[in-house]
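Note: hydrogens, waters and symmetry copies are ignored here, and every other heavy atom, side chains too, is used. Everything numeric here is computed off the predicted structure, so don't read it as measured data.
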Amino acid sequence: MAFHKPFWGTQPEQPFPPYGSTVKRAPQRRAIAITATASELTGPSSAALLGTHAKHDLTSGHAGEPLGERIYVGGRVLDENGRPVANTLVEVWQCNSAGRYLHAGDRHDAPLDPNFTGEGRVLTDRDGRYRFKTIRPGAYPWKNHHNAWRPAHIHFSLLGLSFGTRLVTQMYFPGDPLLEFDPIYQSIPDVKARQKLVSSLDWEHAQPEYALGYRFDLCIRGQLGTPWEQGR
């Protein structure tokens, strides 16, 4: 059975030539729906996979405080009808405030932060809510085109019943001038769908005299669904 994108323009184009690597990496055929097997339906839940490795505070667990602006990021995971999705695993990863990832493949000429690894994971509560404390990431060059810079962003992953139901996306920050020039962000044709990837300043998640807060809700499917990275 063929997999249909019910709402045109709400998901990234595949391939999208301005995003150079998609020309070789994007799927050449339409996606197909794969029925979940018994092992997937009865396998370990997200809670079991998380175990004791929950980490909502990306700024802790090191010898000192990480460098950069402290922020809180929170929101809700919802289905296509606006109902909360509880007990789903939300993972995040990001670069540090200087725009460098703690990864052997990152050769950006920017300093590493010994007090920041840039990864965290939590389960949503009964209302579909999640929250992370972290550092606002920096922009960085990525050689896609002349003088190419990625806007500040945080990677998000949602995990359903199995790794086959994993959804991955990126969260951006409001007012970032680099969004206009970023082919990954611009690969989503519909402007309103594209804007779903931009968080909003949120006083509910802020802490007075300590850190600003940003809200980023994720909708797993439907007309209001969050744009997801597929086959990239």
Side-chain angles (χ1 to χ4, degrees), residues 1-16 19 22 26-27 30-36 46 71-94 120-132 151-176 178-180 182-206 212-232:
M1 180 175 65
F3 173 80
H4 297 280
K5 292 181 180 178
F7 301 101
W8 181 88
T10 61
Q11 297 297 322
E13 295 278 4
Q14 296 182 359
F16 186 67
Y19 180 7
T22 66
R30 291 179 60 190
I32 59 173
I34 300 177
T35 303
S46 295
I71 60 172
Y72 287 99
V73 176
R76 302 179 73 197
V77 179
L78 307 168
D79 67 13
E80 69 273 31
N81 297 311
R83 296 174 299 197
V85 181
N87 296 313
T88 194
L89 180 60
V90 181
E91 295 182 286
V92 294
W93 65 97
Q94 63 170 92
R121 60 201 64 82
V122 296
L123 289 174
T124 55
D125 66 15
R126 61 183 297 177
D127 296 316
R129 298 184 185 278
Y130 73 89
R131 191 183 192 218
F132 291 100
H153 61 278
I154 298 176
H155 298 269
F156 273 74
S157 167
L158 302 183
L159 187 63
L161 293 174
S162 70
F163 285 104
T165 55
R166 184 182 185 223
L167 297 172
V168 177
T169 191
Q170 297 181 28
M171 184 205 91
Y172 300 95
F173 291 86
D176 193 328
L178 289 175
L179 290 173
E180 180 183 352
D182 183 60
I184 296 180
Y185 178 73
Q186 296 292 335
S187 68
I188 304 161
D190 184 77
V191 175
K192 290 184 178 180
R194 195 184 306 158
Q195 292 172 343
K196 291 184 175 67
L197 297 182
V198 181
S199 61
S200 59
L201 184 66
D202 185 16
W203 297 115
E204 176 186 350
H205 291 290
L212 290 175
Y214 292 89
R215 185 179 184 91
F216 187 55
D217 293 334
L218 299 115
C219 182
I220 60 176
R221 54 181 172 263
Q223 187 172 13
L224 300 178
T226 301
W228 306 102
E229 298 176 8
Q230 303 175 33
R232 292 300 176 83

ask   = Under a 4.5 Å cut-off applied to non-hydrogen side-chain atoms, are Phe132 and Val90 in contact?
value = yes

ask   = Do any N or O atoms from the side chain of Asp127 and from the backbone of Arg129 form a donor-acceptor pair under 3.5 angstrom?
value = no

ask   = How far does CG of Leu201 sit from CD1 of Ile71, to the nearest 0.5 angstrom?
value = 10.5 Å

note = With sequence neighbours left out, the residues meeting ring pair (Phe, Tyr, Trp, His ring centres under 6.0 Å) with Phe156 are Tyr130, Phe216

ask   = So how far is it from Asn87 CG to Thr124 OG1, rounded to the nearest 0.5 Å?
value = 6.0 Å

note = Result for side-chain contact (heavy atoms from CB on, under 4.5 Å) between Leu158 and one of Thr226, Ile220, Leu89, Val168 points to Ile220

key: Heavy-atom donor-acceptor pair, Gln170 side chain to Leu197 backbone, under 3.5 Å   = no

ask   = Where do Gly128 and Pro84 come nearest, in terms of heavy atoms and distance?
value = N-CB, 3.6 Å

CA sep, side-chain torsions, deciding dist, call: Leu224, Glu80, side-chain contact (heavy atoms from CB on, under 4.5 Å) = CA-CA 7 Å; Leu224 300 178; Glu80 69 273 31; over 6 Å; no

Interatomic distance, Gln195 atom CD to Ile188 atom CD1 [nearest 0.5 angstrom] = 10.5 Å

request  = Could you name each residue pair satisfying salt bridge (Lys or Arg N to Asp or Glu O under 4.0 Å) that touches residues 182-197, not counting sequence neighbours?
outcome  = Arg150-Asp182

query = Would you say the side-chain atoms of Thr22 pair up with the backbone N or O of Phe16, donor to acceptor, closer than 3.5 Å?
reply = yes

request  = Locate the shortest heavy-atom distance separating Asp79 from Cys219; write the atom from each residue and the value.
outcome  = O-SG, 3.5 Å

note = With sequence neighbours left out, the residues meeting side chain to side chain donor-acceptor pair (under 3.5 Å) with Arg126 are none

Leu218 vs Leu167 side-chain heavy atoms within contact, under 4.5 Å = no

Partners passing side chain to side chain contact (heavy atoms under 4.5 Å, CB included) against Arg131 (at least two apart in sequence or in another chain) = Tyr72, His205

key: Contacts of His155 that satisfy ring pair (Phe, Tyr, Trp, His ring centres under 6.0 Å) - sequence neighbours left out   = Trp93, His153

key: Closest heavy-atom pair and its distance - Thr169, Glu229   = C-OE2, 4.1 Å

Candidate pair Leu178 and Tyr185, rule side-chain contact (heavy atoms from CB on, under 4.5 Å), full reasoning = CA-CA 10 Å; Leu178 289 175; Tyr185 178 73; over 6 Å; no

query = Under the side chain to side chain donor-acceptor pair (under 3.5 Å) test, which residues partner Arg215, sequence neighbours left out?
reply = Asp217

key: Closest non-hydrogen atom pair, Pro189 against Gly9   = CD-O, 3.4 Å

inquiry  = Using modelled atom types and a 3.5 Å cut-off, is there a donor and acceptor pairing between side-chain atoms of Ser157 and backbone atoms of Glu91?
reply    = no

message = Is any side-chain heavy atom of Phe173 closer than 4.5 Å to one of Leu179?
response = no

